[in-house]
Each structure stands twice: as C-alpha cells, then as structure tokens.
Amino acid sequence: MMSGTVVDSSSPTAAAPDDISGSVLELDEDEDLEVFSKDTNFMDGSSLNTSMQTSPGSMVNQYKFEEEEEQSDTKDIFVTVDNPESHVTAIETFITYRVLTKTTRSEFDSSEYEVRRRYQDFFWLKCKLEEAHPTLIVPPLPEKFVMKGMVERFNNDFIETRKKALHKFLNRIADHPILSCSEDFKVFLTAQAWELASHKKQGPGFLSRMGDTVRAVAATVRGVRNRPEEFNAIQDYVEAFSQKMTSMDKITQRIIKEQKEYLEEMKECGPIYTLWSGSEEELVEPLKMMASCLDRCCRDSEEHTQYLSSNLLPILHEYVLSTETLKAVLRRRDNIQAEFEAKNEALATKKTDSEALKEEIDKLEDKLEWANNTLKGDWSRWQKSMRSDLKAAFTYTAEKNMEYYEKCLAVWESFLLSQRTEASEGGDRDES
C-alpha cells in the first residue's frame, strides 16, 4: 500500500524551519531551479492511456464538466504546499516542500497525509497527467529560473514565489473533475519518497515514447485538412489572448521595475531634507516634515510594489504560460485528427489490408471524438476559471491602487495643513 505520512489530527504537525535564508542555496542544474514551466511539448503525440475509455458516449456520461462545476461546493480534497527546506548532499543541493492533503474520498486509506516533494516530483506529475489526458488543460508549473546569480541574493522571495505557484498548481488539479481522480495524483499526494521513486520507474519504455514522438512529428508535418470550425475559433482566441497576456505581463514587470527604482530614489531624498534642516533655522520644521512625509510615502510605495510583485504579476504570468499549454493541447488534438485523416487516405488508395485498416480507423474515430469532447468541455471550464481569476485580480488591484494613492494624498495633505497652520500662527504673532 502506498501511503505517505498519515497525519494524526490530534497531534501537531512536525514543524519545518521557517527561515531558510541562511541555508546554502546553490541549486543544482536540474528542475529544482524553477519559478512556471513552458515545457508543454511533452507528449505532443496522439497516444492515450490504455485505461481510458474510448467511447465518446461513455465519456460524455461519465464526465459532465458543467455538473461537476455546479457541485464545487462539495469539494472533498484540500491540498497545501508549505514549509520549504533546503537539502545539501555531496552531489547536489535542492529544496523540498511539504505537501499536506485532507480528503474525504473513499479511495484514500486515510483522511490526512503529509509528504515532502521536490520540483522534479511536481514535473513528473504534470507529465503523467499530460500523457494520460493529452487533450485536457493541465495547469502550468513554475518555469526554469535561469538567472542563477539572483538566487542567493533573493532566495526568500524566490522560494516563496515558487511555493505559491506549486500550491496553486496542485489545487487547480484538485479542483479538476477528471485530473483530481488520476491515480498518479493520488500517488503523488500519499506515497513515501521511496514508493514514489518506484512508481516513477513504471510506464512506457523508451522505444514506446520514441514511437509516440515519431508519430507526432509525422502528424505535424502532414497537418490537418478539415479542422472543425470551433477549434479554429479556439486557436484564434488563444493566439490573440496570448499576445494580450504577454504584453500585460511585460508592461507590469516594467512598471514594477520602475516603481522599485522610484522607491530607491525617494529613500535617498528623505535624509537629505533631514540634513538640510540642520543648517536652516527658519526652515527646520517644514524640512523635517518633508522628510517625515517622504518616509511615510516610501513605506506605502514599498507595500504597493510588493503587492504588484506577489499578487498581480504571478496571475498574469500564469496565464501567459497557460496559453502555451493550450497551444500544445490543440496540437495534440490536431495530431490525432491528422493520423485519422492519413489512415482514411490509405484506405481510399487501398495500399494496405483494408479490414485491419478499417478496424484501426474506427478506433481512431472514437479517439478523435473523445479528444474533441474532452477539449471542448475543458475549454469552457478553463475560460470560466480564467475570467473569474482575472476579474478578481483586476478588481483587487484597483482597490489597492486607490488605497495607495489615498494614503499618499493624506500624507501630503497633512503637510499642507501643517504649513497653513504654522503660517496662520506666524501671522497672529506678527499682529500682536
């Protein structure tokens, strides 16, 4: 039986170190140096897991996306990613994250589990889900972080960003009506480290994967002749959405960079006013007040910039990466159709045994209809989630912008009021 550490709800969870800033973070060259993954080309072929049903009718009956969404209030699996720890060995240094799971599902042997996972384990899960469900939209993972020189300097921010992204990745899977039922997902959440390592060794061999890759390349070269119009519309939408999100992502990064530069300049300005006040007796109070106001504005600006960096930017970047996933999913669907069309052409020219070919075509037809139906269902689900996420992000950003500017306005209004009061008092003294 594969089971991670079963958590006793009556006892506190073993605490992992909260502060790992002092740990060595010279991360290894593999997947552990990561922040969302654009490696969406995995399993671009047309293979489907043999355990999947190939009857479109049975798929429609078993997986009803809209009904599942209506039952979202009955969520029965909750996952948390926290407590990052650095591990140093003679060969490598890497980071693991605690994954806590609480569930009421009957297929789990316990209601709570606690395991530790490193990035390559998350990547393995993503690949297995794409392999088993090539036309479902698997959430993106943190991508490779190539600027290695920045890891030590900003390790806490880097690790926190990656932890949040991994947490979101698992929870998007947990919320998915099909992906959350994957046996690989269950193994990921419950298996001890050695059990997971053993499970990873299972699956198709090298020659099988090579065959899938060759078929995928051949299908890509052939292309699709009669793609259904609805998938043309999806592809056009994804291309346009990708351009918009990429622009928004770049602009937001530039705004954050400029705000940080502005903040550093403003921090240097306050002390100058303070020093100046020491040599200007008649301007002591206004100069000190200016220094105080700038200090308060610095704190507000820092808080606002931090919000943009840790809340708005990650959601924009996630959907930039999601568009890459969508493009890969559409390619995989096209590969299935291209193979189906090629077999039909072969039958028409009677170059091979027609009976065997007809049987193969029938299977491909079921496979294609399955792929079309799953993609259409997941596309609707993804759109609904995307619009909800972005609307919430934009609304909250508007509120934080108002809050920031109101704070700065109040600071400078207090300065003006103090100067008017001082001027009024000075006039009264002159009259007396």
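Heavy atoms only: backbone and side chains are in, while hydrogens, waters and symmetry mates are out.
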What distance do [X] atom [atom1] and [Y] atom [atom2] have between them, rounded to the nearest 0.5 Å?
X	Y	atom1	atom2	value
L196	K201	CG	NZ	11.5 Å
L390	M248	CG	CE	9.0 Å
K102	E114	NZ	CD	11.0 Å
S301	L294	OG	CG	10.0 Å
D76	S106	CG	OG	9.0 Å

Check this for me: does any side-chain nitrogen of one of [X] and [Y] sit under 4.0 Å from a carboxylate oxygen of the other?
X	Y	answer
E365	K343	no
K267	E302	yes
K186	E107	no
K363	E360	no
E303	R299	no
E130	K126	yes
E345	R225	yes
R172	E318	yes

Determine the minimum heavy-atom distance between [X] and [Y], stating which atoms define it.
X	Y	value
T397	L312	OG1-CD1, 3.6 Å
L330	Q235	CD1-CA, 3.9 Å
Y273	A291	CB-CB, 3.9 Å
T325	V138	CG2-O, 3.3 Å
H167	V79	CE1-O, 3.3 Å
I95	P84	CG2-CB, 4.1 Å

Got a sec: does the [atom1] of [X] have more than 12 other heavy atoms crowding it under 6.0 Å?
X	atom1	result
M266	CE	yes
E403	CD	yes
F78	CZ	yes
K400	NZ	yes

Verdict with supporting geometry, E112 and T101, side chain to side chain contact (heavy atoms under 4.5 Å, CB included): CA-CA 5 Å; E112 296 186 25; T101 304; over 6 Å; no

Side-chain donor-acceptor contact under 3.5 Å, [X] with [Y]:
X	Y	result
D378	H176	yes
D389	Y319	yes
T93	H87	no
E341	Q337	yes
N156	E160	no
D184	H199	yes

Whether the side chain of [X] engages the backbone of [Y] through a donor-acceptor N/O pair (distance < 3.5 Å, no angle test) should be reported.
X	Y	answer
S388	S385	no
R332	T135	no
E265	Y262	no

Identify which one of K164, R98, K163 satisfies the salt bridge (Lys or Arg N to Asp or Glu O under 4.0 Å) criterion when paired with D82.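 Among the candidates, only R98 passes.
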
Are W382 and F241 close enough that their ring centers fall under 6.0 Å?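 Centroid distance W382-F241: below 6.0 Å, so yes.
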
What about Y237 and W379, are their ring centers closer than 6.0 Å? yes

Heavy-atom side-chain proximity of [X] to [Y] below 4.5 angstrom:
X	Y	result
E264	K260	no
L125	F169	yes
H317	M245	no
I336	W370	no
R105	C181	yes
P177	R381	yes
N171	T80	no
E239	D236	no

Can a cation-pi geometry be assigned to R116 and Y97, taking NZ or CZ under 6.0 Å from the six-membered ring centre and within 45° of the ring axis? no

Within 45° of the axis and under 6.0 Å from the centre of the six-membered ring of F188, does NZ or CZ of R117 qualify? yes

Run the side chain to side chain contact (heavy atoms under 4.5 Å, CB included) test against T395 and tell me which residues pass, sequence neighbours left out. K391, E399

Let me see the working for Y307 and Y404 under ring pair (Phe, Tyr, Trp, His ring centres under 6.0 Å), right down to the final yes or no. CA-CA 11 Å; Y307 163 77; Y404 165 65; over 10 Å; no

Check against salt bridge (Lys or Arg N to Asp or Glu O under 4.0 Å), E92 and R118: CA-CA 13 Å; E92 62 180 349; R118 58 189 293 182; 3.1 Å; yes

Run the side chain to side chain contact (heavy atoms under 4.5 Å, CB included) test on C269 and M290 for me, step by step, so that the C-alpha distance in whole Å, both residues' side-chain angles and the decisive distance to 0.1 Å come before the verdict. CA-CA 10 Å; C269 197; M290 281 291 295; over 6 Å; no

For H133 and T374, run side chain to side chain contact (heavy atoms under 4.5 Å, CB included): C-alpha distance rounded to whole Å, both residues' side-chain angles, the deciding distance at 0.1 Å, then the answer. CA-CA 9 Å; H133 307 284; T374 54; over 6 Å; no

So, applying side-chain contact (heavy atoms from CB on, under 4.5 Å) with T246, which one of Q243, K244, K250 is it? K250

Please report the C-alpha distance between I178 and L136 in whole Å, then the side-chain angles of each, then the deciding distance to 0.1 Å, and finally whether the side chain to side chain contact (heavy atoms under 4.5 Å, CB included) criterion is met. CA-CA 9 Å; I178 299 178; L136 288 181; 3.7 Å; yes

